[in-house]
Amino acid sequence: MGEQNEKLKLTVEEQIQDMAEKNIQFELYSKEDAKKFLKYNNYYFKLKSYARNYNINPQTKKYYNLDFAYLVELSKLDMYIRKIILELSLDVEHYLKVRLLNDLSDNSKEDGYNIVGLFLQYHRNAGADIQSKADKYSFCSDLAEKHLDEYKEPKKLAVWNIVELLSFGNFMELYELYYQTYPSFNYSDYLKSIKFIRNAAAHNNCILSTLRKPNSLKKFSKTKKLANILGKIPEFRELENRDAMMRNPVIHDFVTLLFVYNDVMKVSATKNVRNKKMEEIRHLFCDEDGRIRKNKIYFEKNPYIKESYSFICSIIKYIDKKNKNPKHTNFLQ
């Protein structure tokens, strides 16, 4: 029975024919140019995933208002957005480590070794990951090997050692454990969302393919703190689609990343870098000559894309405006 649902391998010419049969038009992008794009720029399975944003007749399996050019444009915009996500999430990871180590330095109750001992006790996979880094070709292999004993078990490690060896997921667990043990303001409630969107970008997942039909809804839960914050902001309080937008994991997690990035980078030493980056993002998304709006006419008939774009752009403009207000202090505290 399962064999009947298997997809057949198609040549590029057959891929073009398959799309044409599904009413994907080639008016703005010729079939010859489409063949070149599928040969040299992207592959069919990935490109066609963006068609999920378009309605399809359930009987005929034909799409409404979909041109090949729209899929190409979405794939290009996806690339720009993935680059932003990776850049912001790398900065967030770095400055969360900086803040954790500063809090540790001021904490007379913690020597930096005790909390790591507890962490490795609760999260044995982290110790195994360090062992794996020592055993294989890795940028951190020398550092990892240095911190293993003769039995290849992690030596007594301090926070300032282990943060250089942990994956982002394992660092999140250490970060959460520290602030559970020594309560003070932290970003633990937001890190799951940042990990989700960061990993999607790092693995080149098609982020913009999920605006109409979101992925991972069964395992997704909104961050209540962020929902409450947005509900108190006058610009968003009356938005009819705010809750609907924030029920989409990709939109929710991208918004979370934007707020955490701008909050973490608010200190004077990094504020100028943050403001410059947000100006770049605002130009990319919201300005008439920004790349996101270059072919906006393609999506005039698609409410899922238009509404998602409008919501994200309003978030970016709000953050950028607040950053330029000298009286503004923080977003999340």
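Just so it is clear, the model here is predicted, and its values are computed rather than measured. Nothing fancy with the numbering, it's 1 onward along the sequence.
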Could you go through Q17 and E21, starting from their C-alpha distance and side-chain angles, then the distance that decides it, and tell me whether this counts as side-chain hydrogen bond (donor to acceptor under 3.5 Å, both in side chains)? CA-CA 6 Å; Q17 182 60 31; E21 289 173 359; 3.2 Å; yes
Test salt bridge (charged side-chain N to carboxylate O under 4.0 Å, His left out) on E93 and R198; report intermediate values, then the result. CA-CA 10 Å; E93 180 180 3; R198 174 189 185 272; 3.4 Å; yes
Take D287 and R293 through the salt bridge (charged side-chain N to carboxylate O under 4.0 Å, His left out) test and state the conclusion after the steps. CA-CA 7 Å; D287 289 355; R293 293 177 64 86; over 6 Å; no
Starting from the C-alpha separation in whole Å, work towards a yes-or-no answer on salt bridge (charged side-chain N to carboxylate O under 4.0 Å, His left out) for E14 and K9. CA-CA 9 Å; E14 289 169 337; K9 182 182 74 171; over 6 Å; no
Tell me, with the steps shown, if K22 and D18 meet salt bridge (charged side-chain N to carboxylate O under 4.0 Å, His left out). CA-CA 6 Å; K22 291 181 170 67; D18 184 57; 2.7 Å; yes
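Not a single donor-acceptor pair under 3.5 Å links the side chain of E279 to the backbone N or O of K276. Distance alone, capped at 3.5 Å, is enough to place a donor-acceptor pair between the N248 side chain and the T210 backbone. In this structure a side-chain-to-backbone donor-acceptor pair under 3.5 Å is missing from T223 to L226. Proximity of a side-chain donor or acceptor of N302 to a complementary backbone N or O of I305 within less than 3.5 Å is detected. A donor-acceptor pair is defined here as one N or O able to donate and one able to accept, closer than 3.5 Å; no such pair exists between the side chain of H252 and the backbone of S193. S216 places no side-chain N or O within 3.5 Å of a backbone atom of K219 that could act as its donor or acceptor partner. Distance alone, capped at 3.5 Å, is enough to place a donor-acceptor pair between the N228 side chain and the K224 backbone. Side-chain atoms of D78 come within 3.5 Å of backbone atoms of L208 as a donor-acceptor pair (strictly under, hydrogens ignored). Of the possible polar contacts, one joining the S105 side chain to the L101 backbone as a donor-acceptor pair under 3.5 Å is found. For the pair R212 (side chain) and R52 (backbone), a donor-acceptor distance under 3.5 Å is present.
Annotation for E176 and S188: closest pair CG-OG, 3.5 Å, computed over non-hydrogen atoms. Listed here is the closest heavy atom pair of D263 and L332: OD1-N, 3.3 Å. Scanning both residues, K266 and K271, for their nearest heavy atoms gives O-CE, 3.0 Å.
With respect to the salt-bridge test (charged N to carboxylate O, under 4.0 angstrom), the residues E87 and K277 qualify. Between E173 and K195, none of the side-chain N atoms (NZ, or NE/NH1/NH2) sits under 4.0 Å from a carboxylate O, so this pair counts as no salt bridge. In summary, E73 and R291 engage in a salt bridge, as defined by a charged side-chain N under 4.0 Å from a carboxylate O.
A distance of 9.0 Å separates CG of L211 from CD1 of I312, quoted to the nearest 0.5 Å. Summarising the geometry, atom CG belonging to L165 is positioned 7.0 Å from atom CG belonging to L157; distances are rounded to the nearest 0.5 Å. Separating the CG atom in D67 from the CD atom in Q25 is a distance of 6.5 Å, to the nearest 0.5 Å. N204 CG to K46 NZ: the interatomic distance, rounded to the nearest 0.5 Å, is 4.0 Å. Put simply, CD1 on I24 and CD on E27 are 13.0 Å apart, with the number rounded to the nearest 0.5 Å. The CG atom of N186 lies 10.5 Å from the OH atom of Y178; values are rounded to the nearest 0.5 Å.
In this structure, F139 has its ring center no closer than 6.0 Å to that of Y137. Checked against the 6.0 Å centroid criterion, the rings of Y54 and Y63 do not qualify as a close aromatic pair.
A cation-pi arrangement is not found for K322 relative to F331, the charged atom failing to lie both closer than 6.0 Å to the ring centre and inside a 45° cone about the ring normal. A cation-pi arrangement is absent between R242 and F236, since the terminal nitrogen or guanidinium carbon is not both under 6.0 Å from the aromatic centre and inside a 45° cone about the axis. Relative to the ring axis of Y113, K156 places its NZ or CZ within 45° and under 6.0 Å from the centre.
Within a 6.0 Å radius of NZ in K301, other residues, nucleotides and ligands contribute 12 heavy atoms or fewer.
A parallel orientation is assigned to the rings of F68 and F26, their planes being inclined by less than 30° (bins at 30° and 60°). A perpendicular orientation is assigned to the rings of Y187 and F185, their planes being inclined by more than 60° (bins at 30° and 60°).
Using a 4.5 Å heavy-atom cutoff, the side chains of L230 and F259 are in contact.
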